[in-house]
Amino acid sequence: MSTLHFEQYHYHQPDLILGGQRFQARVSLYDHGIWRIHLWQRPQDAHKGSAAILSPPAPIAPLLDPDGEGVRLESPDGDHLWLQLDPFRWQWQDLTALGVEAERQRSLQQETAPSDTPSHHPISDSTDGLPRGAGFTLTLKAPPGDTYYGLGERTGFLNKRGRRWVNWNTDEFHHSPQADPLYQSHPFLIGCHGGRYWGLYLDESWYSSFDLACTDPDTLAIHSAGPTFDLYLIPGPTPSEVVQRYTRLTGRAPLPPLWALGMHQCRWSYPDAESVTAIVAAYQAHTLPLSAIWMDIDYMESYKVFTFSPHRFPDPAGLIHNLRDQGVRTVVIVDPAVKQERGYPVYESGSDLGAWVSDERDTPLVGEVWPKPTVWPDFSRPEVQ
């Protein structure tokens, strides 16, 4: 474990670049006063891309710190970010960073408690010389009374303070207040200090954790196991303004059609077309409103996506049109998993494209969900999308 130190800085518009013997950093400003702090060690990570960020950075207005210990930056609306170089610290609005530490040799098994350590997390040496389990840990002050919200689809209390939350997706059926992690990871945190709100977005897909004054009641610690640490500071001062700026940065979902806001019937599952039509007929017989019916995986042939069972759903187009004539839309579930089967057109076309998520040996990662065996499309690539 080593604390980050920087010795020099220069402007390479639109960014401020910090340089040290082992680590480098980039500080960028985005529209609406959003700051980005990107840390790395390997040269190939200097220009880390992102599938999540839509906005380009804007020019920075530098202001030299009068004490000569760092750099003070200013956004067009007068918001300041103060950076201390040695050791690396920063202050922004109501947040004070106590420092960033980088770890090279200590494995994730040592970094986490046994109860939340994924047994399948890669911690062996990689071919590029970076040990698995290396990473960065940012610590910030967590004054008493500050509250923390967000982190995506998690159960439990609204205020997440006092627990350590993990971002490492798992197939967790039991959504209890104690369950963590769950199916999805959303490393977006909203904090409140004295009635003023701010947001933090960690743009990393590696294993990460948010220790919200759990291990130390006065400290907030954010850890990422990857070779970079890419953090966005999002101003408020209200929760709605934080969310507006965050969604302007990452993109906003389109408004749903009106029928999507109506009554939906969904369950696992309907075995055949007759069962689907019987459900719709029962709604009508009881004069109950129905806008849509969902069909789960049993409509497929051998759980293969983009197929219908020719025996149980012999005329899917006719079924869907018939339901539409009755004012009922049809939603068919499509899993993000493709059965590995020779002759199956979806698998063959994906294999021709090299579309599948790969393991550390650059061969398709094979597992199982409903179909067995299964491969997964790499949706981070535009041609796979």
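- Closest approach of P336 and W376 over heavy atoms only: O-CD1, 2.7 Å.
- With hydrogens and angles disregarded, no donor-acceptor distance shorter than 3.5 Å links the side chain of D335 to the backbone of A337.
- For the atom pair S208 OG and L202 CG, the distance stands at 5.5 Å (nearest 0.5 Å).
- Remark: K339 is not positioned above the aromatic ring of Y347, lacking an NZ or CZ atom under 6.0 angstrom from the ring centre and at most 45 degrees off the axis.
- When the options W165, Y246, Y149, Y232 are evaluated for a ring pair (Phe, Tyr, Trp, His ring centres under 6.0 Å) with F188, the one that passes is Y246.
- Applying the side chain to side chain contact (heavy atoms under 4.5 Å, CB included) test between Q93 and each of L81, D79, L233 identifies D79 as the sole match.
- Counting non-hydrogen atoms of neighbouring residues, nucleotides and ligands closer than 6.0 angstrom, the CD atom of E383 exceeds 12 such neighbours.
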Please step through side chain to side chain donor-acceptor pair (under 3.5 Å) for the pair S349 and D352, ending with a clear verdict. CA-CA 5 Å; S349 62; D352 292 341; over 6 Å; no

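- Between the side chain of D296 and the backbone N or O of D298 there is no donor-acceptor pair closer than 3.5 Å.
- Atoms CG and OG1, on D211 and T137 in that order, are 10.0 Å from each other to the nearest 0.5 Å.
- In summary, the aromatic rings of Y299 and Y270 are positioned with their centroids too far apart to meet the 6.0 Å limit.
- Under a 3.5 Å cut-off, the side chain of N169 and the backbone N or O of S185 do form a donor-acceptor pair.
- At least one test fails for R196 against the ring of W198: distance under 6.0 Å to the centre or angle within 45° of the axis.
- Hydrophobic cluster membership is shared by V369 and Y344, with clusters built from Ile, Leu, Val, Met, Phe, Trp and Tyr side chains linked at under 4.5 angstrom.
- Taking each heavy atom of P371 and S302 in turn, the nearest pair found is CB-O, 4.2 Å.
- For the 3.5 Å distance criterion, the side chains of Q41 and Q24 fail to qualify, holding no donor opposite an acceptor.
- A donor-acceptor pair is defined here as one N or O able to donate and one able to accept, closer than 3.5 Å; such a pair exists between the side chain of H223 and the backbone of F136.
- Side chain of D180 to main chain of V166: a donor-acceptor pair is present (N/O by atom type, distance under 3.5 Å, no hydrogens or angles).
- N159 and T147 share no side-chain donor-acceptor pair at under 3.5 Å.
- Taking the ring centroids of F6 and F23, they lie at or beyond the 6.0 Å cut-off.
- Residues D362 and S358 bring no donor and acceptor atom of their side chains to less than 3.5 Å of each other.
- The backbone N or O of F379 lies less than 3.5 Å from a partner atom in the side chain of Q385, making a donor-acceptor pair.
- Nearest approach of P59 to L29, heavy atoms of both residues: O-CD2, 3.7 Å.
- The backbone N or O of P87 sits less than 3.5 Å from a side-chain atom of Q84, completing a donor-acceptor pair.
- Here the side chains of V334 and F306 are in contact, with some heavy-atom distance below 4.5 Å.
- I279 and V331 fall into different hydrophobic clusters, defined by Ile, Leu, Val, Met, Phe, Trp and Tyr side-chain heavy atoms under 4.5 Å apart, directly or through other members.
- Residues H80 and W92 have side chains that never bring a donor and an acceptor to within less than 3.5 angstrom of each other.
- D230 and T228 share no side-chain donor-acceptor pair at under 3.5 Å.
- Checked by atom type, the side-chain pair Q8/H10 shows no donor-acceptor distance below 3.5 Å.
- Ring pair W268/W370: centre-to-centre distance below 6.0 Å.
- In this structure, Y183 has its ring center under 6.0 Å from that of H175.
- For CZ of R324, the number of neighbouring non-hydrogen atoms (other residues, nucleotides, ligands) closer than 6.0 Å is 12 at most.
- A side-chain donor-acceptor contact under 3.5 Å links E241 to the backbone of T238.
- A heavy-atom distance below 4.5 Å is found between the side chains of P235 and I34.
- The two residues N167 and H186 have their closest heavy-atom pair at OD1-N, 3.9 Å.
- Rounded to the nearest 0.5 Å, atoms CZ (R154) and NZ (K160) are 8.0 Å apart.
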Evaluate D45 against K48 for salt bridge (Lys or Arg N to Asp or Glu O under 4.0 Å), listing each step before the verdict. CA-CA 5 Å; D45 296 322; K48 167 182 171 286; over 6 Å; no

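- The hydrophobic cluster containing L200 does not contain L98, counting ILVMFWY residues as joined when their side-chain heavy atoms lie under 4.5 angstrom apart, directly or transitively.
- Under the 3.5 Å distance criterion, with hydrogens and angles disregarded, no donor-acceptor pair is assigned to the side chains of T374 and Q340.
- The shortest distance between side-chain heavy atoms of L4 and L39 falls below 4.5 Å.
- Here the closest heavy-atom approach between residue E274 and residue R312 is recorded as OE1-O, 4.5 Å.
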Can you list the steps and then say if W90 with L140 is a side-chain contact (heavy atoms from CB on, under 4.5 Å)? CA-CA 9 Å; W90 50 263; L140 304 104; 3.5 Å; yes

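- With ring centers used as reference points, Y148 lies 6.0 Å or more from F210.
- Looking only at side-chain heavy atoms (C-beta outward), M295 and M300 stay at 4.5 Å or farther from each other.
- The 12-atom threshold is not exceeded at CG of L255, counting heavy atoms of other residues, nucleotides or ligands nearer than 6.0 Å.
- When every heavy atom of V375 is checked against every heavy atom of P364, the shortest pair comes out as CG1-CB, 4.4 Å.
- Atom-to-atom distance recorded for D31:CG and R245:CZ is 11.0 Å, nearest 0.5 angstrom.
- In the displayed structure, L288 atom CG is contacted under 6.0 Å by more than 12 heavy atoms of other residues, nucleotides or ligands.
- In terms of hydrophobic clustering, with Ile, Leu, Val, Met, Phe, Trp and Tyr side chains grouped at heavy-atom distances under 4.5 Å, V346 and I297 are assigned to a common cluster.
- Between D146 and R161 the shortest side-chain heavy-atom distance falls below 4.5 Å.
- In this structure, the side chain of R164 does not engage the main chain of C214 through any donor-acceptor pair within 3.5 Å.
- A donor-acceptor contact shorter than 3.5 Å links the side chain of D272 to the backbone of S275.
- To the nearest 0.5 Å, atoms OG (S291) and OH (Y283) are separated by 10.5 Å.
- W40 meets the side-chain hydrogen bond (donor to acceptor under 3.5 Å, both in side chains) test with no other residue; sequence neighbours excluded.
- Under the 4.5 Å side-chain criterion, counting only non-hydrogen atoms from C-beta, Y197 is not in contact with P237.
- Side-chain contact between V280 and Q326: present, with at least one pair of heavy atoms (C-beta onward) separated by less than 4.5 Å.
- Separating the CG atom in L18 from the CG atom in D86 is a distance of 11.5 Å, to the nearest 0.5 Å.
- V357 and V338 fall within a single hydrophobic cluster, where Ile, Leu, Val, Met, Phe, Trp and Tyr side chains are chained together by heavy-atom contacts under 4.5 Å.
- Between V27 and L73 the shortest side-chain heavy-atom distance falls below 4.5 Å.
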